[in-house]
There are 2 protein chains.
Amino acid sequence: MDVRRRQEDRRTATRRALVAAARTLFAQKGYAATSTPEIVKAAGVTRGALYHHFADKQALFAAVVEEEHAVLALTIHQAAEGGEDEPGPVKALIRGGEGFLAAMQDEGRRRLLIVDAPAVLGRAAVDEIDARHGLRTLVEGVGTAIEAGAIKDLPPLPLAHLLSAMFDRASLAPADEINDYRKVMKALIRGLKK
Amino acid sequence: MDVRRRQEDRRTATRRALVAAARTLFAQKGYAATSTPEIVKAAGVTRGALYHHFADKQALFAAVVEEEHAVLALTIHQAAEGGEDEPGPVKALIRGGEGFLAAMQDEGRRRLLIVDAPAVLGRAAVDEIDARHGLRTLVEGVGTAIEAGAIKDLPPLPLAHLLSAMFDRASLAPADEINDYRKVMKALIRGLKK
DNA sequence: ATTGATAGATGCAGGATGTATGAAAGATGG
DNA sequence: CCATCTTTCATACATCCTGCATCTATCAAT
């Protein structure tokens, strides 16, 4: 073990506590309505610790979003593991969308990633984060579908962005209409077939 | 003329000044970074007037968004007037999308309607506003296309929502990639044909 | 053990929001 | 035409939040 283990532990421990508490509150009440005194109280530390680890409230929010994106990508990936017997590229796209919608059934997660993040961090920053997680696999998905000749030859990145936007909005749909949204999404993707 | 004209005028005058000044600042710097002292200074009134006419800063923002949505819908409608010689329902959808993208070339407008509004007012409130403006005509558009048998038979409202989401995202694309986005949007809509 | 660095706590200054109170202009009724 | 009431707006205040600066304690290294 590294001899400086204890200090490192302490550091990451408070960092984690802060991010965890912030994630809960941001998800519940939104970014603007959550104050840093609230967060540090929930985390069991003081504001001094917060501003020692993060430049400002926005940086803490960015850390929360980053982590949430990571666990989201992981969740979807794990869900996609099961039963992928010869899916075909188009079917894979549809299944990926289903997985996304399932993972997005958490109200707080939607607020965090779709509603608040663009306003707080800016669209560019959110795109940059997304490009490293969910969007990346989506780009790969449409890429293979195009290479396989399964769908029309279109620029992959814009297509991925537009599909991603669609998935985002579908995830925000009222719970009782979500099946209709699923149906329309399937139709839109199938319409891309050659 | 109504005898109580003068008071009514005064009322609407300050209201307009407030909304106009707020629209400029919100569009430039975003909702959170704009303070009410700034707004009233630009409008030439005091904070007392602001809080007499609007419940809070959020209500003023809602008024700005409402108005911006209205002028946006008007702009698109006017642009769609020219040269509609037998377009056909699908072509009309594509043209409507083009009009939307053109009208959305304003950076401040994008920030106002797409980035900030959902975070500040909540997704539900934004949907309610949108349902009375842009989304309404889009629903009609897909409705007639479906009735005409030009595109697949899908639930119109979800379809309109998903198309709207794609248009939103396309409007946020980097200026030099917007042509690619246009191409993909066309392909997605054409893919809806029976 | 001493010295230096890092984590964390406390206190402070500036500014913002929303409200309560007060004044001025306009409408209303005799 | 005057008095009164209502509406519009201005000023002052209380509360809260953010970010920074300063101070303390804990830990690592020699």
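To find a chain, count down the sequence lines: A is the first, B the second, and so on, and within it residues start at 1.
In this entry the distance linking CZ of B/Phe54 with P of D/dT8 reads 12 Å, nearest Å. Separating the CG atom of B/Leu50 from the P atom of D/dT7 is a distance of 20 Å, rounded to the nearest angstrom. The separation between A/Arg15 atom CZ and C/dA7 atom P is 11 Å, rounded to whole Å. As rounded to whole Å, 16 Å separates atom C1' of C/dA16 from atom CD of B/Gln58. Taking atom CZ of residue B/Arg6 and atom P of nucleotide C/dA24, one finds them 19 Å apart after rounding to whole Å. The interatomic distance linking B/Asp9 (CG) with D/dT8 (P) rounds to 12 Å, in whole Å. Rounded to an integer number of Å, the gap from B/Arg16 CZ to D/dC9 C1' is 19 Å. With rounding to whole Å, B/His53 atom NE2 is found 13 Å from D/dT7 atom P.
Nucleotides of DNA chain C nearest to B/Arg47 and A/Arg11 differ in position, and the one nearer the 5' end is that of A/Arg11.
Checking A/Ser164 against B/Arg169 by side-chain atom types alone, a donor-acceptor pair falls below 3.5 Å.
OP1 and OP2 of D/dT8 both lie 4.0 Å or more from every side-chain N or O belonging to B/Arg10. Put simply, B/Thr14 has a side-chain N or O that comes within less than 4.0 Å of OP1 or OP2 on D/dC9. A close approach under 4.0 Å does not occur between any side-chain nitrogen or oxygen of B/His52 and OP1 or OP2 of D/dA10. A sub-4.0 Å separation between OP1 or OP2 of D/dC17 and a side-chain N or O of A/Ser35 is present.
Panel note: side chain B/Arg23, backbone B/Glu68; no donor-acceptor pair is recorded below 3.5 Å. No donor-acceptor distance shorter than 3.5 angstrom exists from the side chain of B/Arg182 to the backbone of B/Glu98, with no hydrogens or angles considered.
With C/dG26, D/dA10, D/dC17 as the choices, the nucleotide that has an atom nearest any side-chain atom of B/Thr46 turns out to be D/dA10. Picking from D/dC9, D/dT18, C/dT19 the nucleotide with the shortest atom distance to the side chain of B/Tyr51 gives C/dT19.
For the pair B/Lys57 and B/Phe26, the cation does not sit on the ring face, since its NZ or CZ is not both under 6.0 Å from the ring centre and inside 45° of the axis.
The existence of a salt bridge linking B/Glu107 and B/Arg110 is confirmed by a sub-4.0 Å separation between a basic side-chain nitrogen and an acidic carboxylate oxygen.
Within 4.0 Å (heavy atoms only), A/Thr36 reaches sugar-phosphate atoms of the nucleic acid but no base atom.
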